[in-house]
2 protein chains.
Amino acid sequence: MLTITDVSRRSGVASSALRFYEERGLIASERAGSGHRRYPRSVLRRIAFIVFAQRIGLTLEEIGAELAKLPADRVPSRRDWSRLSGQWTKRIDQRIAELQRLRSGLTECIGCGCLSIDRCSLANPADMAGRKGPGPRYWLG
Amino acid sequence: MLTITDVSRRSGVASSALRFYEERGLIASERAGSGHRRYPRSVLRRIAFIVFAQRIGLTLEEIGAELAKLPADRVPSRRDWSRLSGQWTKRIDQRIAELQRLRSGLTECIGCGCLSIDRCSLANPADMAGRKGPGPRYWLG
DNA sequence: CTACAAGTTCAAGTTAACTTGAAGTCAAGC
DNA sequence: GCTTGACTTCAAGTTAACTTGAACTTGTAG
């Protein structure tokens, strides 16, 4: 079993963040008699998954929902993990496609004038990956 | 000259956001005798640029720095705009490359076990596009 | 002339994902 | 036995990019 500092050092995630993740139900810990957290090694894989997913653009809430699909009664297997990540490939591909669209827009649109808003091909981009809230929504979806 | 509602409607950016951008120095307006804002049509191009750049991942601060490079004495030309966006292609390509790395990591790493942190190829990803602050920094750069 | 829609400023609220600080407990070395 | 460092909780602070609300003024249609 690992202490919070062990986990922090091995994962690169600050202890404060680990406590925060626990509060949000993303990871769990047992307690030593003293009240100090003790983590099984398997938590490292879980944390790796969290960081990974964040980098792809999921929010902690979404990540929590994914993690909730893992079996609670045993350490998740290879198959369990890959089932979760299956969905993501699509999401990544969409984001890549959007970036490519943006890139070609850079050379084709900004110079030409269609960025003056009306009929640019960028006016109808792909998904938003975590921005449902306020902000400029016309071009952003 | 356009009113703030005109600009908002044409750009899809809320008037509150337009005032906010002005406060941050990203756009400018003249005033009617009443104190109401009046915008030249060229502001639409500028706003398009802002939204565009945000979508690529620049912060408003970075965008402000870019916009500051435009000539102040005249309406920017095609060339002026394309000079600004030249830098971005590189940035977009890096982000795309990272996403591709993440995608292959999904199928190759999460299943296999190297996500148990030590020597995964994902442990050393590309640039961060606007996350210098707090957060898990080990994998994220 | 009277509504009322649209505009103004300024301060404060919002969300995500954490961090920081205060105040206190626990464990280990000397 | 004492100091030091790691740990705990809980509340409050942080940053970006806006939004919302209050209180007030202007412009316009009937």
Side-chain angles (χ1 to χ4, degrees), chain A residues 1-39 47 50-65 67 128-140, chain B residues 1-39 47 50-65 67 128-140:
Chain A
M1 300 293 269
L2 306 165
T3 68
I4 197 169
T5 317
D6 291 336
V7 173
S8 172
R9 203 159 14 75
R10 280 176 173 283
S11 67
V13 174
S15 350
S16 60
L18 294 174
R19 291 195 196 93
F20 178 73
Y21 291 159
E22 182 169 332
E23 201 182 300
R24 291 300 209 77
L26 299 178
I27 57 175
S29 62
E30 290 162 31
R31 297 302 175 109
S34 58
H36 292 187
R37 287 172 176 80
R38 286 300 125 88
Y39 298 94
I47 294 168
I50 295 170
V51 173
F52 209 95
Q54 275 192 292
R55 197 70 196 118
I56 285 167
L58 292 125
T59 64
L60 287 188
E61 199 177 327
E62 292 172 307
I63 297 169
L67 287 172
M128 284 281 316
R131 262 182 78 68
K132 309 240 158 75
R137 274 168 259 189
Y138 183 91
W139 285 302
L140 298 189
Chain B
M1 301 291 270
L2 307 164
T3 69
I4 197 168
T5 316
D6 291 336
V7 174
S8 172
R9 203 160 15 76
R10 282 175 172 283
S11 67
V13 174
S15 349
S16 60
L18 294 174
R19 292 196 195 93
F20 178 72
Y21 290 161
E22 181 169 332
E23 198 182 302
R24 291 302 208 75
L26 298 179
I27 58 176
S29 63
E30 290 162 32
R31 297 302 175 111
S34 58
H36 292 186
R37 287 174 177 78
R38 287 299 126 88
Y39 297 94
I47 294 167
I50 294 171
V51 173
F52 208 96
Q54 274 192 292
R55 198 69 198 115
I56 286 166
L58 292 126
T59 64
L60 288 188
E61 199 179 327
E62 292 172 307
I63 297 170
L67 287 172
M128 284 280 315
R131 261 183 79 68
K132 310 241 159 75
R137 275 169 258 190
Y138 183 91
W139 285 303
L140 297 190

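Residue numbers start from 1 in every chain, and the chains themselves are labelled A, B, ... in the order their sequence lines are given, proteins ahead of strands.
Between A:Ala32 and A:Arg38, the closest heavy-atom pair is CB-NH1, 3.6 Å. Residues A:Tyr39 and A:Ser29 approach most closely at CE2-CB, 3.6 Å, considering heavy atoms. Between A:Arg31 and A:Arg37 the shortest heavy-atom distance is NH2-NH2, 3.3 Å. When every heavy atom of A:Val13 is checked against every heavy atom of A:Ser8, the shortest pair comes out as O-OG, 2.9 Å. Nearest approach of A:Leu67 to A:Ile50, heavy atoms of both residues: CD1-CG1, 3.9 Å.
Distance, B:Leu18 CG to D:dA17 C1': 13 Å, rounded to whole Å. In this structure, the CZ atom of B:Arg24 is 13 Å from the P atom of D:dT19, given to the nearest Å. Between the CZ atom of B:Arg19 and the C1' atom of D:dG21 there is a distance of 13 Å, rounded to whole Å. Rounded to whole Å, atom P of D:dA17 lies 6 Å from atom CD of B:Gln54. Per the geometry, CD1 belonging to B:Ile50 stands 11 Å off P belonging to D:dA17, to the nearest Å. Between A:Glu23 atom CD and C:dT20 atom P the separation is 16 Å, expressed in whole Å. The interatomic distance linking B:Phe20 (CZ) with C:dT14 (P) rounds to 17 Å, in whole Å. The nearest whole Å value for the distance from the CD1 atom in B:Ile4 to the P atom in D:dC18 is 14 Å.
Looking at B:Ser15, its side chain never comes within 3.5 Å of a backbone N or O of B:Ile4 through a donor-acceptor pair. Remark: side-chain polar atoms of B:Ser11 are paired, donor with acceptor, to backbone N or O of B:Val7 under 3.5 angstrom.
When the nucleotides D:dT9, D:dA17, D:dC18 are ranked by their closest atom to the side chain of B:Thr59, D:dA17 comes out on top. Comparing D:dA17, C:dG7, D:dT19 against the side chain of B:Ser16 picks out D:dT19 as the nearest.
When each of A:Ser15 and B:Arg37 is assigned the nucleotide of DNA chain C bearing its nearest heavy atom, the one mapping closer to the 5' terminus is B:Arg37.
Near DNA chain D, meaning a heavy atom under 4.0 Å from it, residues 25-36 of chain B has B:Ser34, B:His36 in order of number.
Between A:Tyr21 and C:dA17 there is no side-chain polar atom (N or O) within less than 4.0 angstrom of OP1 or OP2.
Looking at heavy-atom distances under 4.0 Å, B:Thr3 makes contact with sugar-phosphate atoms alone, never a base.
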